Colleague: 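Okay, handing you the structure first.
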There are 2 protein chains.
Amino acid sequence: MKNYSKQREVILNVLQGTNTHPTVSWIYSQARKTLPNISLGTVYRNLTELKKSGQIIEVSVEDGFQHFDGNTDTHLHFYCTKCHNIYDCACPENQLKNYLEENLGCNITEQKLIFNGVCKNCSVNI
Amino acid sequence: MKNYSKQREVILNVLQGTNTHPTVSWIYSQARKTLPNISLGTVYRNLTELKKSGQIIEVSVEDGFQHFDGNTDTHLHFYCTKCHNIYDCACPENQLKNYLEENLGCNITEQKLIFNGVCKNCSVNI
DNA sequence: ATAAAAACAGTAATCATTACTATTTTGCGA
DNA sequence: TCGCAAAATAGTAATGATTACTGTTTTTAT
C-alpha cells in the first residue's frame with residue numbers, strides 16, 4: 001500500500017461513516033454511490049490492505065460473511081443471532097488481556113469479544 | 001434431530017475427543033476413519049444439528065472456515081494470526097456477561113471471546 | 001411387520017472470495 | 001515537466017467452502 005488511490009479513500013470513508021459492521025457487498029454498494037465503476041475486486045483488495053495497515057479491523061461472526069469495522073479502538077461486540085446485527089459496546093476493563101498475556105506468554109495484538117444472543121428489539125418482536 | 005444415527009454419534013465423538021477447534025474437512029477426514037463412506041453433506045448437516053441442540057459450539061475466526069468445539073463450557077479462545085491455531089483458556093470471570101445484559105437489556109446465550117495475536121511458539125520461531 | 005419420518009450417500013448448484021490480465025494511475029528522479 | 005517503473009484498477013474467470021437436491025436406506029413407533 002504505497003500509492004494513494006481515490007478508491008481506497010472512498011472505502012475507508014464508507015467504513016468510518018457508519019457504526020455498523022458491514023459486509024463486503026454493502027461496502028461495495030456504498031462505494032459505488034461515489035465511484036460507480038469501482039470493481040468488487042478493488043474493494044476486497046483494499047479491505048485487505050486497510051486491515052493489514054491497521055486502519056480497519058475485521059469482525060468474525062458465524063454468518064459466513066466477512067465484516068469490517070472502521071473503529072479500531074478496543075471495544076466489545078454483541079452479535080444478535082436473530083437479527084444478525086453486530087452491536088458495539090464500550091470495554092469496561094482490560095484485565096483479561098493482561099491475564100492472558102501472563103498466563104499464555106503470548107502477545108495480544110487485537111481483542112475481539114463476541115457475545116451471541118438475542119437483542120432487545122428481537123426479544124420484544126417475537 | 002429426532003432419530004439416532006451412527007454418523008452423528010461418530011461426529012460428536014470426533015469433536016469430544018480433541019481439544020482443537022477443527023474445520024469441517026478435518027472432522028470429515030477423522031469421521032471417515034470410522035465410517036469410510038460417510039458423506040460430506042452428512043457432516044455439515046449433523047454439525048448444524050449438534051450446534052442447534054447445544055451439544056457443540058461454533059468458533060468464528062477470520063480464516064474463512066467454520067470451526068467447531070465439543071467443549072460447551074463457557075471459556076475463552078486465543079487465535080494465533082501466525083500459525084492459525086485456536087487455543088482454549090479458562091474464563092477468569094463472568095462479570096462481562098452481567099455487565100452487558102444490564103446495559104444492553106439483552107439476553108446472552110453464548111459467550112465467545114477471541115484474542116488475536118502471536119502465540120508463544122510462533123514468537124520463538126521467527 | 002409395516003409405514004411414515006428422518007437420515008443417508010452421492011452429486012450438482014450456489015456464491016463469497018481469490019486469481020488473473022490488460023490497462024490506467026501514481027510517485028519519483030532526471 | 002517528462003518518462004518510467006511500481007502500484008492500482010476494472011473486468012472477468014477460477015476456486016472452493018457450503019448448501020441444495022434426489023433417490024435410497026435406516027430409524028422409530030404402532
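Labels below follow one simple rule: chain letters A, B, ... track the order of the sequence lines, proteins then strands, and each chain is numbered from 1. Small disclaimer: the values here were computed from a predicted structure and weren't measured.
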Colleague: In whole angstrom, give the distance that lies between atom CG of B:Asn46 and atom P of D:dT18.
Modeller: 16 Å
Colleague: Does a side-chain N or O from B:Tyr4 land closer than 4.0 Å to OP1 or OP2 of D:dT27, or not?
Modeller: no
Colleague: Short question: side chain of A:His21, backbone of A:Phe68 - any donor-acceptor pair under 3.5 Å?
Modeller: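 Not a single qualifying donor-acceptor pair exists.
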Colleague: Test your reading of the model: is there a side-chain donor-acceptor pair from A:Arg8 to the backbone of A:Leu50, 3.5 Å cut-off?
Modeller: no
Colleague: Does C:dC8 have its OP1 or OP2 closer than 4.0 Å to a side-chain nitrogen or oxygen of B:Ser5?
Modeller: yes
Colleague: Go nucleotide by nucleotide along DNA chain D from the 5' end; which of A:Gly41 and B:Thr48 gets its closest nucleotide reached first?
Modeller: A:Gly41
Colleague: Could you tell me whether the phosphate oxygens of C:dT18, OP1 or OP2, come under 4.0 Å of any side-chain nitrogen or oxygen in A:Tyr44?
Modeller: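 False: A:Tyr44 side-chain N/O out of range (4.0 Å or more) of C:dT18 OP1/OP2.
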Colleague: Rounding to an integer number of Å, can you tell me how far B:Arg45 CZ sits from C:dA5 C1'?
Modeller: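 B:Arg45 atom CZ is separated from C:dA5 atom C1' by 14 Å.
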Colleague: Compute whether any side-chain donor of one residue and acceptor of the other, for B:Thr42 and B:Arg45, lie under 3.5 angstrom apart.
Modeller: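 Result is yes, a qualifying pair exists.
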Colleague: Mind calculating the distance between CH2 (B:Trp26) and P (D:dT18) to the nearest angstrom?
Modeller: 16 Å
Colleague: With a 4.5 Å cut-off on side-chain heavy-atom distances among I, L, V, M, F, W and Y, is there a chain of contacts connecting B:Phe65 to B:Ile27?
Modeller: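 Different hydrophobic clusters.
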Colleague: Within the pair A:Asn3 and D:dA5, is there a side-chain N or O less than 4.0 Å away from OP1 or OP2?
Modeller: no
Colleague: Verify the distance criterion only: is there a donor paired with an acceptor across the side chains of B:His77 and B:Asp69 at less than 3.5 Å?
Modeller: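 Indeed, the side chains of B:His77 and B:Asp69 share at least one donor-acceptor pair under 3.5 Å.
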Colleague: In whole angstrom, what separates A:Ile38's CD1 from C:dT25's P?
Modeller: 14 Å
Colleague: Would one find a side-chain N or O of A:Arg8 under 4.0 angstrom from OP1 or OP2 of D:dA8?
Modeller: yes
Colleague: Would you mind reading off the distance between B:Gln66 atom CD and C:dA16 atom P, rounded to a whole angstrom?
Modeller: 15 Å
Colleague: Atom CG of A:Leu35 to atom P of C:dT24: distance rounded to whole Å?
Modeller: 18 Å
Colleague: Taking atom C1' of D:dA7 as reference, at what distance in whole Å does atom CD of A:Glu9 sit?
Modeller: 17 Å
Colleague: A:Thr42 has a side chain; which of D:dA10, C:dA9, D:dA17 sits nearest to it?
Modeller: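 Out of D:dA10, C:dA9, D:dA17, the nucleotide with an atom closest to A:Thr42's side chain is D:dA10.
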Colleague: Take atom CG of B:Leu40 and atom P of D:dC21, then tell me their distance rounded to the nearest Å.
Modeller: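 So the two atoms are 17 Å apart, to the nearest Å.
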Colleague: Which residue, B:Lys6 or B:Gly64, contacts DNA chain D at a nucleotide closer to its 5' end, judged by nearest heavy atom?
Modeller: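 That would be B:Gly64.
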Colleague: Ignoring backbone atoms, establish whether B:Ser39 has a side-chain N or O less than 4.0 Å from OP1 or OP2 of C:dG10.
Modeller: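 No, no such contact exists.
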Colleague: Does D:dA10 have OP1 or OP2 under 4.0 Å away from a side-chain N or O of A:Gln7?
Modeller: yes
